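Step one of this worksheet: look at the structure below.
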Amino acid sequence: MDGGSAGHYNPRTVEEVFRDFKGRRAAMIKALTTDVEDFYQQCHPEKENLCLYGFPNERWEVNLPAEEVPPELPEPALGINFARDGMQEKDWLSLVAVHSDAWLLSVAFYFGARFGFDKVERKRLFGMINDLPTIFEVVNGKNKVRTTETNHSNNKSKSNTKVRVSDSHPKYLKGQPKDEDDELDEEDEEEHGDTLCGACGDNYASDEFWICCDICETWFHGKCVKITPARAEHIKQYKCPSCSNKRPRPS
């Protein structure tokens, strides 16, 4: 597999294995969220057993499993395409996400075993991995913003639980320059610093533009979903790529 062979890519330290994990994870999240239309089309049930691969360079690929036995790396779940039309799309994507999470862990700890990570290194690696939401959580919008009330807003409506900087635009936000409002930025960063982008999985930062899906209530970097602040001004109801591409269950 292009980019996936242990013979061509050997992360040897905890940091290198974690970087490998993050790259593969980002790729698979793209396939199941922002690139879901393309991914869906490639997984036709009439094709042979297919697997979803994520590579360290954040590229994903739907392909046949490796032919060699045993393979150089653990293989992803086989035949994900066969269940595509027999389930609701959301359930099918969730199933693929769960198997993808299991594969990512198996690859990371394969490298750990191969290069002799001791107990402390394995624990540190798992801790770094466990700090990130799973692919399943990202796909299903489980990494939502906590609905806590801030000191600068007394409005307890549902829309304002998504406000971080400005109450005038509840579905999106952008950070304010530090020299304008240091206290507000620090409060905002502290409250929402554990919020993660539904596309790339990175943490919230007060100097970036973010937008929230009105359907699944997941936050995204504007750059990850190709939404600018100017465009957001004219959006009445924002749907993320995953929610926009959902199909009704086949009859």
Side-chain angles (χ1 to χ4, degrees), residues 1-12 16-115 125 129 132-140 197-202 224-226 240-242 244-247 250:
M1 291 299 155
D2 179 25
S5 172
H8 297 90
Y9 183 77
N10 291 322
R12 293 175 178 269
E16 287 175 346
V17 173
F18 182 60
R19 194 178 308 121
D20 177 273
F21 177 92
K22 285 184 67 178
R24 295 177 190 273
R25 174 180 172 277
M28 301 178 98
I29 287 174
K30 285 180 183 177
L32 297 172
T33 55
T34 55
D35 297 343
V36 69
E37 180 71 26
D38 188 17
F39 173 66
Y40 187 94
Q41 294 300 327
Q42 290 190 39
C43 290
H44 198 285
E46 293 183 4
K47 294 182 180 180
E48 296 182 59
N49 286 291
L50 295 175
C51 300
L52 172 61
Y53 293 89
F55 300 127
N57 61 2
E58 300 188 11
R59 286 184 54 253
W60 62 270
E61 179 180 88
V62 173
N63 211 332
L64 297 172
E67 294 182 359
E68 64 269 23
V69 178
E72 290 185 284
L73 283 179
E75 284 288 295
L78 182 67
I80 57 172
N81 51 311
F82 293 148
R84 191 196 74 176
D85 292 349
M87 305 173 66
Q88 289 190 0
E89 182 175 316
K90 180 180 179 181
D91 294 336
W92 176 67
L93 292 173
S94 295
L95 179 65
V96 177
V98 168
H99 282 294
S100 299
D101 282 318
W103 179 67
L104 287 178
L105 280 173
S106 69
V107 171
F109 280 84
Y110 166 86
F111 284 129
R114 178 171 180 174
F115 297 114
L125 174 60
I129 290 172
L132 296 174
T134 63
I135 297 177
F136 176 83
E137 288 172 329
V138 172
V139 169
N140 287 277
C197 174
C200 70
D202 284 346
C224 288
V225 290
K226 299 180 174 60
C240 69
S242 180
S244 297
N245 289 319
K246 286 180 180 175
R247 297 175 179 78

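Because only heavy atoms are used, hydrogens play no part in the values below, and waters and symmetry mates are left out as well, while side chains stay in. Owing to the predicted nature of the structure, the values given are computational and were not obtained by experimental measurement. Nothing fancy with the numbering, it's 1 onward along the sequence.
Nearest heavy-atom pair, P76 versus Y53, reported as atom, atom and distance to 0.1 Å: CD-CE2, 3.5 Å. Of all non-hydrogen atoms in A199 and T34, the two that sit nearest each other are CB-CG2, 4.0 Å. Smallest separation of non-hydrogen atoms from K47 and N81: O-ND2, 3.3 Å. Shortest non-hydrogen contact noted between P45 and D85 is CG-OD2, 3.6 Å. When all heavy atoms are compared, the tightest approach of L64 to E48 is CD2-CB, 3.7 Å. For G54 against A27, the heavy-atom pair with the smallest separation is CA-CB, 4.0 Å.
Other residues, nucleotides and ligands contribute over 12 non-hydrogen atoms within 6.0 Å of the CD atom of E68.
With hydrogens and angles ignored, the 3.5 Å screen pairs a side-chain donor or acceptor of Y110 with a backbone N or O of E72.
Using a 4.5 Å cut-off on side-chain heavy atoms (C-beta onward), W103 and S106 make contact. Contact of the E16 side chain with the F111 side chain is not registered, since no non-hydrogen atoms from C-beta on lie closer than 4.5 Å. Taking the side chain as every heavy atom from C-beta outward, V62 and C43 approach each other to under 4.5 Å.
Rounding to the nearest 0.5 angstrom, the gap separating the NZ atom in K90 from the CG atom in L95 is 14.0 Å. Expressed to the nearest 0.5 Å, how far CZ of F109 lies from CZ of F21 amounts to 9.0 Å. Here the CG-CG distance, from L104 to D20, works out to 9.0 Å after rounding to the nearest 0.5 Å. In this structure, the separation between NE2 on H44 and CG on L50 is 11.0 Å, given to the nearest 0.5 Å. Remark: L93 CG to I135 CD1 distance equals 12.0 Å, nearest 0.5 Å. Considering CD of Q42 and CG of D35, their distance stands at 9.5 Å, rounded to 0.5 Å.
Pairs passing the salt bridge (Lys or Arg N to Asp or Glu O under 4.0 Å) check and including a residue from residues 25-34, sequence neighbours excluded, read K30-E58.
Annotation: side chain to side chain contact (heavy atoms under 4.5 Å, CB included) contacts of A31 (sequence neighbours excluded): F39, L52, W60. Here A102 pairs with nothing under the side chain to side chain contact (heavy atoms under 4.5 Å, CB included) rule; sequence neighbours left out.
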Evaluate side-chain contact (heavy atoms from CB on, under 4.5 Å) for H99 paired with I80, printing each intermediate quantity in order. CA-CA 9 Å; H99 282 294; I80 57 172; 5.6 Å; no
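When each of P241, S242, C197 is checked for a side-chain contact (heavy atoms from CB on, under 4.5 Å) with V225, only P241 meets the rule.
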